[in-house]
Amino acid sequence: MPTFVYMSACDGCGLCVDICPSDIMHLDRDIRRAYNIEPDYCWECYSCVKACPQHAIDMRGYADFSPLGHGLTVLREEDKGRVSWKVTYRNGQTKEFTFPIRSTRPNSIRPPDTFPQEGDMGDQLLAHEPGYLKVEKLPGLQKVE
Amino acid sequence: MSVRSSKAVRRVDSDILIIGGGMAGCGAAYESRYWGRKLKIVLVEKANVERSGAVAMGLSAINCYMGMRWKENTPDDFVRYARTDLMGLVREDLVFDIARHVDSTVHLFEEWGLPIIYDKETGRYKREGRWQILIHGESYKPIVAEAARKSATEVYNRIMVTHLLRDKNDPNRVAGAAGFSVRDGAFYVFRAKAVIVSAGGATHVYRPRSVGEGAGRTWYSPWSTGSAYGLLIQAGAEMTQMENRLVVTRFKDGYGPVGAWFLALKAVATNAYGEDYERRYTEEQRKLYGDYVDSKPFPTCLRNDSMLREVRAGNSPIYIHTEKVLDTREKEELGWEDFLDMTMSQSIVWAAQNIDPKVTPSELQTSEPYIMGSHATCSGAWASGPSDLSPKDYFWGYNRMTTVRGLFGAGDTIGGSAHKFSSGSFAEGRLAGKAAVSFALDHGDGTPEVDDAEVEALRKAVFTPLQTYEVERNLIVRGTVSPTYIFPGQGVTRLEKLMDEYCGGWGQFYTTNEVLLKRGLELLGMLKEDLARVAAQDLHQLQRAWELSHRVWTAEAVLRHTLHRRETRWPGYYYRADCPKLDDKEWHVFVNSRYDPATGSWTMSTRPVHRLVP
Ligand SMILES: Cc1cc2nc3c(=O)[nH]c(=O)nc-3n(C[C@H](O)[C@H](O)[C@H](O)COP(=O)(O)OP(=O)(O)OC[C@H]3O[C@@H](n4cnc5c(N)ncnc54)[C@H](O)[C@@H]3O)c2cc1C
Ligand code: SF4
Ligand code: SF4
């Protein structure tokens with residue numbers, strides 16, 4: 001299901017270009033709108049679809065095995081911590097699902113260097129261990145003989 | 001002279017350079033900042049760390065979690081599991097090391113905001129299977145990327161790393177890396193005291209099942225382009241298990257993973273006639289593969305083998321009976337979320353083909369082979385283990401350091417330790433991060449020098465495909481057919497066909513032999529020569545050109561390793577028809593290789609498998 005962009009909706013902001021892991025969303029220089037330059041290198045990862053503020057990007061299942069008439073649309077609401085999907089079947093049946101995406105506010109992660117540095121460069125413990133292992137100590141190997 | 005190849009060179013010096021900001025790279029950034037507070041840590045990524053790598057779209061499960069706090073599993077249990085699944089051949093020191101650290105990584109993810117699903121009855125994480133836990137993982141990568149961005153001193157997005165650089169004064173020490181900006185075409189020279197490569201696995205080395213417009217629909221991501229292997233091999237790092245390619249059983253066409261369906265939802269697979277086939281071939285399998293057929297759980301490759309036998313017998317399609325297990329809304333949501341979190345195209349296949357999984361079963365199929373170090377296979381670099389676990393010949397000073405000094409790896413990059421998955425890859429990134437800080441501090445006396453002449457030669461080489469196109473396209477009217485050059489996509493197609501036909505792709509039922517492999521190597525040699533004749537119309541194609549190059553180097557290692565191992569160790573992943581048996585007497589060893597950058601020659605060797613866990 002490679003992406004395509006609706007002519008009437010895209011305003012050329014470039015956010016999809018910025019996010020696509022495959023580097024295949026590009027802006028057309030003449031009409032200043034985005035399009036998929038290499039559909040056979042699209043993984044249908046929806047990164048661009050979720051990022052587009054205009055909801056201008058949609059998917060059409062890969063031509064080699066997807067009969068026409070289907071749909072899978074998404075709304076990712078970061079502020080509400082959820083993602084919603086609507087599945088539309090070729091025969092008209094629909095299904096809707098909503099799932100949580102994050103239990104903390106965006107940008108709330110504490111950088112590692114704001115924690116006091118405990119432990120020793122020479123031992124086997126990683127940052128926040130053994131505490132974060134939630135067991136007393138790091139397991140070692142019992143020797144086989 | 002191409003306009004772009006005359007662009008200025010940008011130099012970036014750092015203490016620690018991380019190449020690839022996927023799961024492992026993000027773990028490396030976090031940990032190296034924790035220990036290296038004053039160090040300059042630079043993360044370079046060919047895409048955008050926010051959504052890059054195999055977890056770009058999200059995941060629905062964390063496949064490696066011990067649950068030590070609830071006494072669910074111990075690291076020893078995990079070693080036994082990985083060892084069994086890999087038909088005996090894992091680096092037990094590396095596997096144990098991942099297992100004993102992975103829980104703290106998962107607890108960190110939860111604190112950061114990754115929603116992990118709890119089992120209401122037990123109050124513990126809800127298990128998908130013995131090692132897997134369920135998550136609402138749509139934002140897995142953005143969450144992990146936030147932590148990495150806050151850890152690195154600088155993050156460079158959209159830089160395609162093309163080569164590693166060697167220390168001018170010590171050819172077996174890494175000095176940094178070179179690459180170019182896919183946005184403005186600038187050439188970058190990164191120098192660092194320690195380098196961590198975390199550039200992911202490889203797809204499109206073999207011909208995919210999908211064709212035409214659907215070619216991007218591989219199970220592993222199409223942007224897993226073998227850079228980890230291509231970069232390391234050319235730098236002279238010793239590689240291991242490159243013959244251990246991964247074939248996965250997946251929902252047909254959409255490549256939806258089967259884990260949640262088999263393990264959490266308890267769906268069963270049958271042949272076309274509703275018959276269970278998995279243990280139908282035990283006696284034939286026992287004759288060839290010995291007692292491994294009694295392993296519990298039944299190894300992944302042998303499950304593939306049973307399915308392939310059933311398909312050969314003419315009893316396909318193989319079905320997964322989703323319709324028998326989705327009896328509640330909760331289960332239906334779990335099944336759909338599994339794909340909406342991590343393989344949306346499977347949902348599209350259902351919608352397009354009017355398959356309601358509550359009503360209709362789905363077809364299963366085995367995928368094309370992938371090269372990976374983090375899943376049910378463990379191809380990658382031969383690395384040192386931790387000082388407290390590793391036998392002498394598995395240890396040379398710094399955890400996860402390759403055989404090139406100062407060059408570390410993590411995730412798909414490191415061989416010998418299967419079943420790391422997302423959490424284990426991040427944990428291994430952390431291990432490499434701490435060790436790289438150690439190395440940088442021990443080598444505090446200045447950044448390694450690079451040879452300016454070598455850098456200049458690389459700069460020219462990197463941009464050659466643009467120049468080739470600019471000059472030689474004038475020979476023809478227009479179009480894609482030139483007698484003097486090929487485009488990257490044409491090169492990938494040639495590679496895929498070659499590997500499929502000569503090195504055991506799905507088109508040959510994963511079967512090869514010595515004669516085929518030798519011919520494959522000859523043809524690959526010509527493709528390697530033709531890499532100098534690849535043309536690129538723009539910077540995007542230039543990225544594709546270098547991805548092709550890394551894939552070709554990866555493929556060469558796969559061919560050579562497959563040729564060297566004269567047995568069939570992992571039936572269901574591939575078969576040596578001329579050595580159809582599993583041969584523990586001769587081949588209970590790792591097959592390793594080293595390419596010598598000075599002479600251009602390869603050396604194959606074997607290394608012992610040490611058993612550390614009873
Ligand atoms: C469909 C699917 C389902 C999966 N399901 C699960 C699951 O349920 N649970 C689980 O735990 N795991 C799962 N995995 C596995 C997991 O995603 C991998 O094990 C993990 O991502 C490997 O981490 P890595 O860092 O080695 O590679 P990646 O995460 O792929 O990171 C590699 C990074 O390197 C960058 N890069 C590559 N080449 C270059 C270059 N030349 N220059 C600069 N940057 C470069 C890439 O852009 C990428 O960001 C799944 C994977 C897939 C594809
Ligand atoms: S779906 Fe993913 S791969 Fe396809 S264009 Fe969008 S971001 Fe790129
Ligand atoms: S993100 Fe949407 S609006 Fe912006 S360029 Fe892309 S398609 Fe157009």
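As a basis for the values below, the full set of heavy atoms in this structure was taken, side chains included, without hydrogen atoms, waters or symmetry mates. So you know, we letter chains A, B, ... as the sequences are listed, proteins then strands, and number each from 1.
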Please state whether the side chain, the backbone, both or neither of [X] comes within less than 4.5 Å of a heavy atom of chain B.
X	value
A/Glu96	backbone
A/Asp64	side chain
A/Thr88	backbone
A/Val74	neither
A/Asn36	neither
A/Arg76	side chain

Checklist entry - Parallel, tilted or perpendicular for A/Phe97 and A/Phe99, by the 30°/60° rule? => result parallel

Contact part of [X] toward chain A, heavy-atom cut-off under 4.5 Å: side chain, backbone, both or neither?
X	value
B/Val211	both
B/Pro75	side chain
B/Tyr220	backbone
B/Trp70	neither
B/Val79	neither
B/Trp223	side chain
B/Arg544	side chain
B/Phe96	side chain
B/Ala145	neither

Looking at [options], which makes the most heavy-atom pairs under 4.5 Å with chain A?
options	result
B/Thr105, B/Leu340, B/Asp103	B/Leu340
B/Arg430, B/Glu111, B/Gln353, B/His101	B/His101
B/Pro386, B/Ser210, B/Ser221, B/Ala427	B/Ser221
B/Ile135, B/Ile355, B/Val102	B/Ile355
B/Ala147, B/Ala148, B/Ser139	B/Ser139
B/Leu431, B/Leu114, B/Asp341	B/Leu431

Between [X] (side chain) and [Y] (backbone), is there a donor-acceptor pair under 3.5 Å?
X	Y	value
B/Asn48	A/Asp18	yes
B/Arg217	B/Tyr255	no
B/Glu146	A/Asn107	yes
A/Thr104	B/Trp112	yes
B/Arg33	B/Gly36	yes
B/Thr203	B/Ser224	yes
B/Thr74	B/Asp77	yes
B/Thr153	B/Ile41	yes

Give a yes-or-no answer on whether the side chains of [X] and [Y] include a donor-acceptor pair shorter than 3.5 Å.
X	Y	answer
B/His540	A/Glu38	yes
B/Ser52	B/Lys141	yes
B/Glu31	B/Ser151	no

Next on the checklist: Is any side-chain heavy atom of B/Glu50 closer than 4.5 Å to one of B/Asn157?
Outcome noted: no

Checklist entry - Do the side chains of B/Pro357 and B/Phe339 get nearer than 4.5 Å, heavy atoms only? => result no

Item to check | Pairing of B/Arg51 and B/Glu138 as salt bridge, 4.0 angstrom limit | outcome: yes

Next on the checklist: Less than 4.0 angstrom from a charged side-chain N to a carboxylate O is my criterion; do B/Asp356 and A/Lys95 meet it?
Outcome noted: yes

Item to check | Pairing residues for B/Asp97 by the salt bridge (Lys or Arg N to Asp or Glu O under 4.0 Å) criterion, not counting sequence neighbours | outcome: B/Arg100, B/Arg400

Pick from [options] with the largest number of heavy-atom pairs that fall under 4.5 Å of chain B:
options	result
A/Arg110, A/Lys50, A/Glu78	A/Lys50
A/Glu136, A/Gln93, A/Arg102, A/Arg105	A/Arg102
A/Pro39, A/Ala63, A/Pro100, A/Cys20	A/Pro100
A/Leu125, A/Ile109, A/Asp40, A/Ile24	A/Ile109
A/Gly81, A/Pro106, A/Ser47	A/Ser47

Item to check | Toward chain B: residues of residues 126-135 of chain A with heavy atoms under 4.5 Å | outcome: A/Leu126, A/Ala127, A/His128, A/Glu129, A/Tyr132, A/Leu133, A/Lys134, A/Val135

Checklist entry - Could you state the interatomic distance from CD1 (A/Ile37) to NE2 (A/His26), rounded to the nearest 0.5 Å? => result 3.5 Å

Checklist outcome for this item: Value for CH2 (A/Trp43) from CE (B/Met344), rounded to nearest 0.5 Å, stands at 9.0 Å

